[in-house]
Amino acid sequence: MILTQELQVILFKPQGSIDLEGGKALSEQMAGVVPQAHQLWVIDLAEVNFMDSSGLVPLVKGLKAARQSGCRLVLCNVQAPVRLILELTQLDSVFEIFPTYKDIFTAGNNSLVLAA
């Protein structure tokens, strides 16, 4: 018998800058969602035009909380200035990064459907 369960997708769409202030806002938003096993957390960065090192804190904390709870956290629509800070800190190799939101769910990413 095969049991297929679709993931529950939690979408975060920060806007503007993820600096000290924007990072706090994202942290608060993420803290308001209790991670549950098999959820997919998507942070869509399409409308983020700036991120500094303090803005990395909520992303790393979110990734840690997600992994501890059996969730998956991915980033998408990462703009050039944000990608640069992720590359400089080598966090681009820690996070799963997709070009677009739609790309997360393409056929090549079958790990989004769980079979038991």
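Heavy atoms only: backbone and side chains are in, while hydrogens, waters and symmetry mates are out.
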May I have the step-by-step check of side chain to side chain contact (heavy atoms under 4.5 Å, CB included) for Leu59 and Leu91, ending in yes or no? CA-CA 10 Å; Leu59 296 182; Leu91 288 172; over 6 Å; no

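- In this structure the side chain of Phe98 never reaches within 4.5 angstrom of the side chain of Val42, judged on heavy atoms.
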For a quick test of your reading: what N or O donor-acceptor pairs under 3.5 Å do the side chains of residues 20-27 make, sequence neighbours left out?
unit_1: Ser27; atom_1: OG; unit_2: Gly23; atom_2: O; d: 3.1

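- Contact check for Glu87 versus Val82: no side-chain heavy atoms found under the 4.5 Å cut-off.
- In terms of heavy atoms, Ala46 sits closest to Asp44 at N-OD1, 3.0 Å.
- For Lys61, the side-chain contact (heavy atoms from CB on, under 4.5 Å) test picks out Val57, with sequence neighbours left out.
- With sequence neighbours excluded, the residues satisfying side chain to side chain donor-acceptor pair (under 3.5 Å) with Thr100 are Asp103.
- Taking Ile, Leu, Val, Met, Phe, Trp and Tyr as members and joining any whose side-chain heavy atoms lie under 4.5 Å apart, directly or through other members, the hydrophobic cluster of Leu84 also contains Leu88.
- Between Phe95 and Val60, the shortest heavy-atom contact is CZ-N, 4.0 Å.
- Contact between Val94 and Arg67 at its shortest, heavy atoms only, is O-NH2, 3.3 Å.
- In this structure, Arg72 CZ and Leu63 CG are separated by 11.5 Å, a value rounded to the nearest 0.5 Å.
- Residues passing the side-chain contact (heavy atoms from CB on, under 4.5 Å) test with Ser69 are Pro35, Cys71, sequence neighbours excluded.
- The two residues Met51 and Leu56 have their closest heavy-atom pair at SD-CD2, 3.4 Å.
- Using a 4.5 Å cut-off between side-chain heavy atoms of Ile, Leu, Val, Met, Phe, Trp and Tyr, with links allowed through other members, Leu45 and Leu40 fall into different hydrophobic clusters.
- Counting heavy atoms from C-beta outward, Ser17 and Asn49 have side chains that approach closer than 4.5 Å.
- Evaluation of the side chain to side chain donor-acceptor pair (under 3.5 Å) rule for Gln79 yields no partner, not counting sequence neighbours.
- Residues passing the side chain to side chain donor-acceptor pair (under 3.5 Å) test with Gln36, sequence neighbours excluded: none.
- Counting only residues at least two apart or on different chains, the ring-ring contact (aromatic ring centres under 6.0 Å, His included) pairs with a member in residues 39-61 are Phe12-Trp41.
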Evaluate side chain to side chain contact (heavy atoms under 4.5 Å, CB included) for Ile97 paired with Val74, printing each intermediate quantity in order. CA-CA 6 Å; Ile97 302 174; Val74 301; over 6 Å; no

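- When the side chains of ILVMFWY residues are joined at heavy-atom separations under 4.5 Å, either directly or via intervening members, Leu11 and Val48 end up in two distinct hydrophobic clusters.
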Intermediate values then yes/no, side chain to side chain contact (heavy atoms under 4.5 Å, CB included), His38 and Gln8: CA-CA 7 Å; His38 310 301; Gln8 179 182 1; over 6 Å; no

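- Listed by chain and residue number, Ser54 satisfy the side chain to side chain donor-acceptor pair (under 3.5 Å) test with Asp52 (two or more places apart in sequence, or in another chain).
- In this structure the side chain of Cys76 reaches within 4.5 angstrom of the side chain of Ile104, judged on heavy atoms.
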Side chain to side chain contact (heavy atoms under 4.5 Å, CB included) evaluation trace for Leu75 with Leu86: CA-CA 11 Å; Leu75 308 178; Leu86 291 171; 4.0 Å; yes

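- Residues Ile18 and Ile10 share a single hydrophobic cluster, defined by chaining ILVMFWY side chains whose heavy atoms lie under 4.5 Å apart.
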